[in-house]
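Take a look at the structure set out below.
Everything quoted here is computed from the prediction, not taken from an experiment. Sequence lines set the chain letters: A, B, ... in the order given, protein chains first and strands last, and positions in each chain run from 1.
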2 protein chains.
Amino acid sequence: MELKQNIKLAVDAIVFGYADNKLNVLLIKQKFGILKNQWALVGGFVKDNETLNDAVNRELKEEAGIKVNYLEQLYTFGDNINRDPRFRVVSVAYFALINSTKLILKADSDAEEAKWFPINNLPELAFDHKEIIATAQLRLQSKLTYQPIGFDLLPKEFLFSELENLYCTILNKEIDRRNFRKKILSYDIIEETEKYGNKIKGRPAKLFRFNKQKYSKLHKSGFLFEINFA
Amino acid sequence: MELKQNIKLAVDAIVFGYADNKLNVLLIKQKFGILKNQWALVGGFVKDNETLNDAVNRELKEEAGIKVNYLEQLYTFGDNINRDPRFRVVSVAYFALINSTKLILKADSDAEEAKWFPINNLPELAFDHKEIIATAQLRLQSKLTYQPIGFDLLPKEFLFSELENLYCTILNKEIDRRNFRKKILSYDIIEETEKYGNKIKGRPAKLFRFNKQKYSKLHKSGFLFEINFA
DNA sequence: ACAAAAGTGTTAATCTTACACCCATGT
DNA sequence: ACATGGGTGTAAGATTAACACTTTTGT
């Protein structure tokens, strides 16, 4: 078969972080090339002998120096033929979560700068990256309600109030504190530690830990995680 | 930027049909080329100036002569580098539903044959198409429970028992007839017609129709469709 | 009259929602 | 003692699950 196809394949990653009660997106600014001085998602072209998955992980490492906690394929953007002004590029977008609280992003190198932006205050973005981020945000919101992925945005040990806040922030909803705690605890997938968080004010709060093994086991035997308040 | 990338981009469609209480998948057999005498999904390479969406629709028309009722992107298969023995091909798989009961598939042309296969009795398949179909089946099962896509597998006017059966078959579950009917009717998105189905035995049954407009309106105002029985 | 599938209600159990006060600490 | 956030229980309402008999038709 003679096949002359001139489409390039790229991957892009939408990396979400959560800090200071805000949902952030990781963006990079390249100092050279077509993207000079424009903020964009982490991403790049796929190599001939590289899986898509390897490609994203490589870009995450190269461009931001990070390894994410959660990664899944989001959507393949290929219906806008001119999304890249240079030539036809189809991009497989990935959705990633990371505990960003103590993360040090790759410092300004010669090549690029990586920075967190609150999702409600994004800069001008390259290509169709704004649309990609919007798609990712919807995925995050819906997935949060039926898979315990919120924990991948928090440190290993976290306060109940942090978890609660994460849900309220990302879902943009008020959630009853008592009902929320009751439901999460009823699932028996997080465990109390002996430690306390170091909040400055108020009564000290216990730190909790997500038990991923326990969740996996429950999940396999048909358990459905669900957080879905009015 | 100098970019030498040698990856080809294809689309594949998993078309589901429902007939005789069975879930079927549409497969084609090409009489020439690499796929000679192998059953495979409808699909092919994307043209340089064609959206992904146009590519799938074109293949559906060319290879099977059909227009589907429902189409959405499923997943992009690009982690198995050797999924195509010829060269590196990344395939964007689409998930499609069609009312197959009265569908006449493109008859044996010189080029190919299109045929329905029960999902529980698939032939040997080309490439990684078995895996793609498995992914699609999971998507169908989960989507059926939270979006009214079952109607896209039925004729415009259908019997309640057909709908019920479709759910039982695809979800592989027994569902209480009374509770099912009660719940579906409570959503107020299907309407009774004046007509009766032409079953041979038993009491005549009314035909129903899905009111898509009504569903869209409800959906926009926050209504959630959900069919989720123990 | 019988076989076959359609149509229909009620009750108990479970889950969800709404709601407010006391607790432990630092200042 | 007061300010701050942490921790907890209960009752009403809504939803779900379990369950079986009657109806309409063709033979």
Side-chain angles (χ1 to χ4, degrees), chain A residues 19-22 144-146 154-155 157-169 171 173-209 218 222-230, chain B residues 19-21 144-146 154-155 157-169 171-209 218 222-230:
Chain A
D20 304 320
N21 291 345
K22 271 192 186 132
L144 205 58
T145 68
Y146 67 89
L154 292 174
E157 303 191 329
F158 53 86
L159 303 174
F160 227 105
S161 56
E162 293 175 321
L163 182 63
E164 191 195 310
N165 236 291
L166 183 150
Y167 270 84
C168 294
T169 304
L171 299 179
K173 252 188 197 179
E174 304 239 320
I175 296 178
D176 182 275
R177 211 150 51 88
R178 282 164 292 189
N179 293 340
F180 179 77
R181 179 184 266 250
K182 231 181 305 175
K183 176 159 247 184
I184 295 273
L185 288 177
S186 77
Y187 290 159
D188 200 31
I189 54 175
I190 75 171
E191 49 204 27
E192 213 172 292
T193 68
E194 294 306 310
K195 294 178 232 161
Y196 287 83
N198 48 358
K199 280 290 176 79
I200 320 166
K201 301 188 212 160
R203 175 173 172 174
K206 290 205 191 89
L207 286 165
F208 289 81
R209 204 183 310 126
L218 284 168
F223 162 75
L224 291 180
F225 178 87
E226 188 172 33
I227 296 294
N228 225 337
F229 293 94
Chain B
D20 304 320
N21 290 346
L144 205 58
T145 69
Y146 67 90
L154 292 174
E157 303 192 330
F158 53 87
L159 303 174
F160 227 105
S161 58
E162 294 175 319
L163 183 63
E164 192 194 309
N165 237 292
L166 182 149
Y167 269 84
C168 293
T169 305
L171 299 180
N172 197 23
K173 255 186 196 178
E174 305 240 316
I175 295 178
D176 183 274
R177 213 151 50 88
R178 283 165 289 189
N179 293 340
F180 180 77
R181 179 185 265 250
K182 230 182 304 176
K183 177 161 251 186
I184 295 272
L185 288 177
S186 78
Y187 290 158
D188 199 31
I189 54 176
I190 76 173
E191 48 204 27
E192 215 171 291
T193 68
E194 295 306 310
K195 296 176 229 162
Y196 288 83
N198 48 357
K199 279 289 175 81
I200 320 167
K201 301 187 210 163
R203 173 172 174 177
K206 290 202 191 89
L207 286 165
F208 290 81
R209 202 182 313 123
L218 284 169
F223 162 74
L224 291 180
F225 178 86
E226 188 171 33
I227 296 293
N228 224 338
F229 292 95

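In this structure, A:E174 places its CD atom 15 Å from C1' of C:dT17, rounding to the nearest Å. Protein atom CD of A:E226 is 14 Å distant from nucleotide atom C1' of C:dT14, rounded to whole Å. Rounded to an integer number of Å, the gap from CD1 of B:I175 to C1' of D:dT16 is 14 Å. Between B:K173 atom NZ and D:dA17 atom C1' there is a gap of 13 Å when expressed in whole angstrom units.
Remark: B:K182 engages B:N179 in a side-chain contact (heavy atoms from CB on, under 4.5 Å) (not counting sequence neighbours). Partners of A:K195 according to the side-chain hydrogen bond (donor to acceptor under 3.5 Å, both in side chains) rule, which considers only residues two or more places apart in sequence or in another chain, are A:E157. For B:P204, the side-chain contact (heavy atoms from CB on, under 4.5 Å) partners two or more places apart in sequence, or in a different chain, are B:Y196. Under the ring-ring contact (aromatic ring centres under 6.0 Å, His included) criterion, B:Y187 pairs with B:F223, B:F225, sequence neighbours left out. Among residues two or more places apart in sequence or in another chain, the side-chain contact (heavy atoms from CB on, under 4.5 Å) test is passed with B:N21 by B:Y18, B:N165. Take A:D20 and apply the side-chain contact (heavy atoms from CB on, under 4.5 Å) test, not counting sequence neighbours, and it matches no residue.
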Reading nucleotides 9-15 of chain D from 5' to 3' and marking B where a protein heavy atom lies under 4.0 Å of the base, S where only the sugar-phosphate is that close, and - otherwise, the string is BB-----
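Sorted by first and then second residue, the salt bridge (Lys or Arg N to Asp or Glu O under 4.0 Å) pairs with a member in residues 183-192 of chain B read B:D188-B:K214, B:E191-B:R209, B:E192-B:K206; sequence neighbours excluded.
Under a 3.5 Å cut-off, the side chain of B:Y146 and the backbone N or O of B:N228 do not form any donor-acceptor pair. No donor-acceptor distance shorter than 3.5 angstrom exists from the side chain of B:K199 to the backbone of B:A205, with no hydrogens or angles considered.
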Show me the protein contacts with nucleotides 1-7 of chain C, counting only N or O atoms at under 3.5 Å.
{"unit_1": "C:dA6", "atom_1": "OP1", "unit_2": "B:S161", "atom_2": "OG", "d": "2.8"}
{"unit_1": "C:dG7", "atom_1": "OP1", "unit_2": "B:K206", "atom_2": "N", "d": "3.1"}
{"unit_1": "C:dG7", "atom_1": "OP2", "unit_2": "B:R181", "atom_2": "NH2", "d": "2.5"}
{"unit_1": "C:dG7", "atom_1": "O5'", "unit_2": "B:R181", "atom_2": "NH2", "d": "3.4"}
{"unit_1": "C:dG7", "atom_1": "N7", "unit_2": "B:R177", "atom_2": "NH1", "d": "3.0"}
{"unit_1": "C:dG7", "atom_1": "O6", "unit_2": "B:R177", "atom_2": "NH2", "d": "2.8"}

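Of the residues in residues 184-194 of chain A, none lies under 4.0 Å from DNA chain C by heavy-atom distance.
Of all non-hydrogen atoms in A:L207 and A:G197, the two that sit nearest each other are CG-N, 3.7 Å.
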